[in-house]
There are 2 protein chains.
Amino acid sequence: MFSLSEENYLKSIYHLEAIHGKGISTNSIAKKLETKASSVTDMIKKLAEKKVLVYKKYQGVSLTVLGRKEAANIVRKHRLWEVFLVDKLNFSWDEVHDVAEQLEHIKSPKLIDELDVFLGFPKMDPHGDPIPDKEGNFQKIEKRLLSTLEENKTGICVGVNDSSSDFLKYLDKNNISLGKKIKVLSKESFDGSLTILIHSKEITISKKISNNIYIQ
Amino acid sequence: MFSLSEENYLKSIYHLEAIHGKGISTNSIAKKLETKASSVTDMIKKLAEKKVLVYKKYQGVSLTVLGRKEAANIVRKHRLWEVFLVDKLNFSWDEVHDVAEQLEHIKSPKLIDELDVFLGFPKMDPHGDPIPDKEGNFQKIEKRLLSTLEENKTGICVGVNDSSSDFLKYLDKNNISLGKKIKVLSKESFDGSLTILIHSKEITISKKISNNIYIQ
DNA sequence: ATAATTTTTTAGATAAGGCTAAAATTTTTT
DNA sequence: AAAAAATTTTAGCCTTATCTAAAAAATTAT
């Protein structure tokens, strides 16, 4: 059994490995968890003893098969709860994250199995992220950043790279949501900003925005 | 904001006050929480500073208005989650307690408001206990222990005094559930055991059992 | 009313998880 | 290849919530 803190470390390392591959540095974990590197060193020693990750001094960590399964399960819970909040309790996609961060730590296998049934075995959460199954497997959809789309080409919004309330509210304000068509009208080479057609309206978005929207 | 531990103290004191009135002893809290009296002394000092209870050395504690509201809200959350588990996720009444003990500590006013809506504003949990509203008020139904019912009289089961899985499974096994008619056929004065008619069957139950069943 | 018992509090210790500051190691620069 | 910089670890301390053992107060019994 893992403590709340241990679970948060596992989840962070899992997400970091998804981006950077194996060998996650102490500092990057500290940044992700908004804590200090010295605290991370302490915790990863403990997690290494619990066989969920491999740690060699000064060389970062990698999840073991056990650790990855454990982490995927926390992510599974987080995303199922997000679906519940949006589909059943009238939450909007920018309100779910903090609550799901709490709910993901509830320990009850039956609860999560039944929730899955109740929600109709969803495969995606409200932000377009895949929901792992009990073994930690999930369908990986091909997607690319909106920022990589060429002028005059069209894509469909299938996900976001940032689930912060601020970013999602910005998207809402501009009628950008999952499933929407987005056409790139022009690209400013100086700062990478895009003028796009969304919801039959022309708007200009910064590179930072287009770097956080996934299309298909 | 209160810690998980603080919330559990508040809830326990709230339940103890409901039975014994004001002035709850250190020892009784320790017993309820399965901890030591010295730990209780430390915690109630902290809670007194936070203005949720009044404490005078060697004289036990009483919840303040603030403390009672806080505690009622935790009970409200616990019972709403129990309804959710039974009504929506196919839990039986003997499986909900431990999970609800965890869920009751999730912090999100919107979550509990929306859950209340989603469940149709239930007034009772699966064990027949009332669900307080946001102000901590609830309808008190008149009920008495089955052990106080006279011979040849009939009552309707409206609640239980013990929500442990073992007790509830015993009730299931004997077809005793909320809303069921129970007739006392005879009373053994030696040990207080009762022979009752339930679900058109005659069974004999101990005093301990009849002391944990509420009827109306 | 004093002695015995029970309850409650205090004092000091422990474990988890975090911090700062300093030391050790690795990486980057010159 | 050495020096500088960045990263990581260690050492020691803090807080929260516990505990045990001993002291203090209240209650009960004689």
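Naming: A, B, ... by sequence-line order, numbering from 1 per chain. Side chains are part of it too, since the values below use all heavy atoms of this structure and drop only hydrogens, waters and symmetry mates. Please read all numbers here as calculations on a predicted model, not as lab measurements.
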Sub-4.0 Å heavy-atom contacts from residues 27-36 of chain B onto DNA chain D, ordered by number: B/T35, B/K36
Return the nearest nucleotide to the side chain of B/K57; candidates are C/dT10, C/dG18, D/dT9. C/dT10
Does B/I44 or A/S3 map to a spot on DNA chain C nearer the 5' end, using the closest nucleotide for each? B/I44
The side chain of B/Y58 lies closest to which of these nucleotides: D/dT9, C/dG18, D/dA24? D/dA24
Over all atoms of both residues, closest heavy-atom pair of B/S62 and B/G23: OG-N, 3.0 Å
Rounded to the Å, how far apart are A/D42 CG and D/dC14 C1'? 14 Å
At 4.0 Å (heavy atoms only), tell me whether A/T41 reaches a base, stays on the sugar-phosphate, or touches nothing. base
Pair A/D162, A/S164: side-chain N/O donor-acceptor within cut-off below 3.5 Å: yes
Pairing check on C/dA21: which nucleotide meets the Watson-Crick or G-U wobble criteria with it, both distances under 3.5 Å? D/dT10
Reference residue A/H78; test side chain to side chain donor-acceptor pair (under 3.5 Å); the match among A/H105, A/E104, A/K11, A/Q102: A/E104
Is B/S38 touching bases, backbone alone, or none of the nucleic acid, heavy atoms closer than 4.0 Å? base
NZ or CZ of B/K88 within 45° of B/F118 ring axis and under 6.0 Å: yes
Using OP1 and OP2 only, check whether a side-chain N or O of B/Y9 sits under 4.0 Å from D/dT18. yes
salt_bridge(A/E95, B/K110) N-O dist < 4.0 Å: yes
Is C/dT29 paired to anything, Watson-Crick or G-U wobble with both distances less than 3.5 Å, and if yes, which nucleotide? D/dA2
In whole angstroms, how far is the C1' atom of C/dT8 from the NZ atom of B/K45? 10 Å
Between the protein and nucleotides 13-15 of chain C, list every N/O to N/O distance that falls short of 3.5 Å.
none

Locate the shortest heavy-atom distance separating B/L63 from B/K22; write the atom from each residue and the value. O-NZ, 3.7 Å
Phosphate contact (D/dT9 OP1 or OP2) by A/T26 side-chain N/O below 4.0 Å: yes
Ring pair (Phe, Tyr, Trp, His ring centres under 6.0 Å) evaluation trace for B/F84 with A/F84: CA-CA 12 Å; B/F84 171 71; A/F84 171 70; 5.1 Å; yes
Atom OH of A/Y55 and atom C1' of D/dT7 are separated, to the nearest Å, by 12 Å
Residue pair A/Q59/A/S5 against DNA chain C: nearer the 5' end by closest nucleotide is A/S5
Expressed as a whole number of angstroms, how long is the span from A/E49:CD to C/dA16:C1'? 14 Å
Heavy atoms under 4.0 Å, any strand shown: does A/S39 hit a base, just sugar-phosphate, or nothing? base
Decide yes or no for B/M43 and B/I29: does some side-chain heavy atom of the first lie under 4.5 Å from some side-chain heavy atom of the second? no
Rounded to whole angstroms, how far apart are CG on B/N8 and C1' on D/dT16? 15 Å
Atom CD1 of B/I24 and atom C1' of C/dT7: how far apart are they, to the nearest Å? 15 Å
Do A/S28 and A/S25 have side-chain atoms, one donor and one acceptor, less than 3.5 Å apart? yes
Please state how far atom CG in A/L47 lies from atom C1' in C/dA16, giving the value in whole angstrom units. 13 Å
With a 6.0 Å cut-off on ring centres, are B/H97 and B/H127 close enough? no
B/M43 atom CE is separated from C/dT9 atom C1', nearest whole Å, by 16 Å
